Amino acid sequence: MLNIYLSEENGKLQEIDSIQKGCWINVLHPTEEEIQYLIETLNVELDFIRDPLDDEERSRIEKEDDTTLIIMDIPTVRHGEDGNSTYDTIPIGMIIMPECFVTICLEENPIFERFTNQRIKGFYTFKKTRFALQLLYIISTYYLRYLKQISRKTVDLEKELNKSMKNKEIFTLLGLEKSLVYFATSLKSNKVVIQKLMRSRSEYLKMYEDDQDLLEDVLVENKQAIEMAEIYSNILNGMMTTFSSVISNNLNSVMKLLTSITIILSLPTMVASFFGMNVPVPLTHHKHAFAFIMAIAAALSCTTAVVFWKKRYF
């Protein structure tokens, strides 16, 4: 899918049919025909188009003549059939050219929607350097947003695990832990690119003073996201170990309760079996024999139950 946008002087974003100077070309999971169209129309390197479409591509920045390519990892949410959400990262490419700005990604994401819905203050398609820095800033904020979601999920799972004896919650925690590993790895790769931009500001992008301030904000947000990812990852590591023991302990408690109940119920059975033997036994001809036997059985069961209760077996 290929969409072309252009900002008017009043800041309103319009979708247009053809490539014009100062436009933004948003490319999502392009076909071969769309890739060839971009290469022929923009005279851009094939690798600049295909590299961001590789989900294993690392974050980096490079320049060829007047064209700059920035590849960054962005967070994404995947919804499973069981209703659980997992978090992953995918690359996006930003191709900054003298005539236009191109973004490339494998799939739709809410980051681009923030721009197409005009929810970013001071966004203009023809201000290419600022557009790139705004994208970097929004990417970092979405990492923070998803990290907070992971934190809330962890709290909810903690409440469930306190009374759980199943492995479902453990597997959910494992999925969140993997997500945090992906986030931390991608954030550190993004940090390298941002720091490279900080050191070589004029080499890749022409920046004004406001742009430099925004780039510093991007770096701060990225560092904060890295720290949060590492903190949450350490917390989850401890929780995985702790709650594995909790589940085992809950199971032991249930087994202990069931064993105690079995012992208590077995005493009346033993008494009934004793008096049910085909040999002479006490109280054989007593008119209140049944009541006495039931009383003996009840007394033994109650005494055992009281002893078990005092010893906290249940």
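Reckoned from all heavy atoms, side chains included, excluding hydrogens, waters and symmetry mates. Since the structure is predicted, the reported quantities are computational estimates derived from the model, not experimental observations.
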### Query
Between L42 and E99, is any pair of side-chain heavy atoms under 4.5 Å apart?
no

### Query
How about D51 and R60: do any of their side-chain heavy atoms sit closer than 4.5 Å?
yes

### Query
Testing D55, L187, N190, I92 for side chain to side chain contact (heavy atoms under 4.5 Å, CB included) with D73, which one passes?
N190

### Message
Do I96 and F131 make a side-chain contact, defined as non-hydrogen atoms from C-beta onward lying under 4.5 Å apart?
### Response
no

### Task
State whether K223 and E230 are salt-bridged, where the test is any N-O pair (Lys NZ or Arg NE/NH1/NH2 against Asp/Glu carboxylate O) under 4.0 Å.
no

### Query
What distance separates E64 CD from I95 CD1, expressed to the nearest 0.5 Å?
12.0 Å

### Task
Quick one: closest heavy-atom pair of P91 and E57, and the distance?
CB-O, 4.2 Å

### Query
Applying the side chain to side chain contact (heavy atoms under 4.5 Å, CB included) test to S179, which of T89, L147, I150 qualifies?
I150

### Query
Would you say the side-chain atoms of T76 and D88 include a donor-acceptor pair closer than 3.5 Å?
no

### Message
Tell me whether the count of non-hydrogen atoms from other residues, nucleotides or ligands lying under 6.0 Å of CD in E15 goes above 12.
### Response
yes

#### Entry: Side-chain heavy-atom pair T103, F112 within 4.5 angstrom cut-off
yes

### Task
Identify the two heavy atoms, one from P75 and one from Y146, that lie closest to each other, and give their separation to 0.1 Å.
CB-CD1, 3.3 Å

### Query
Can you name the nearest heavy-atom pair linking P30 to E34, along with the distance?
CA-OE1, 3.1 Å

### Side chain to side chain, T141 and Y137, heavy atoms closer than 4.5 Å
yes

### Message
Using the ring centroid of each side chain, check whether F101 and W24 are separated by less than 6.0 Å.
### Response
no

### Query
Closest heavy-atom contact between I25 and C100?
CD1-SG, 4.0 Å

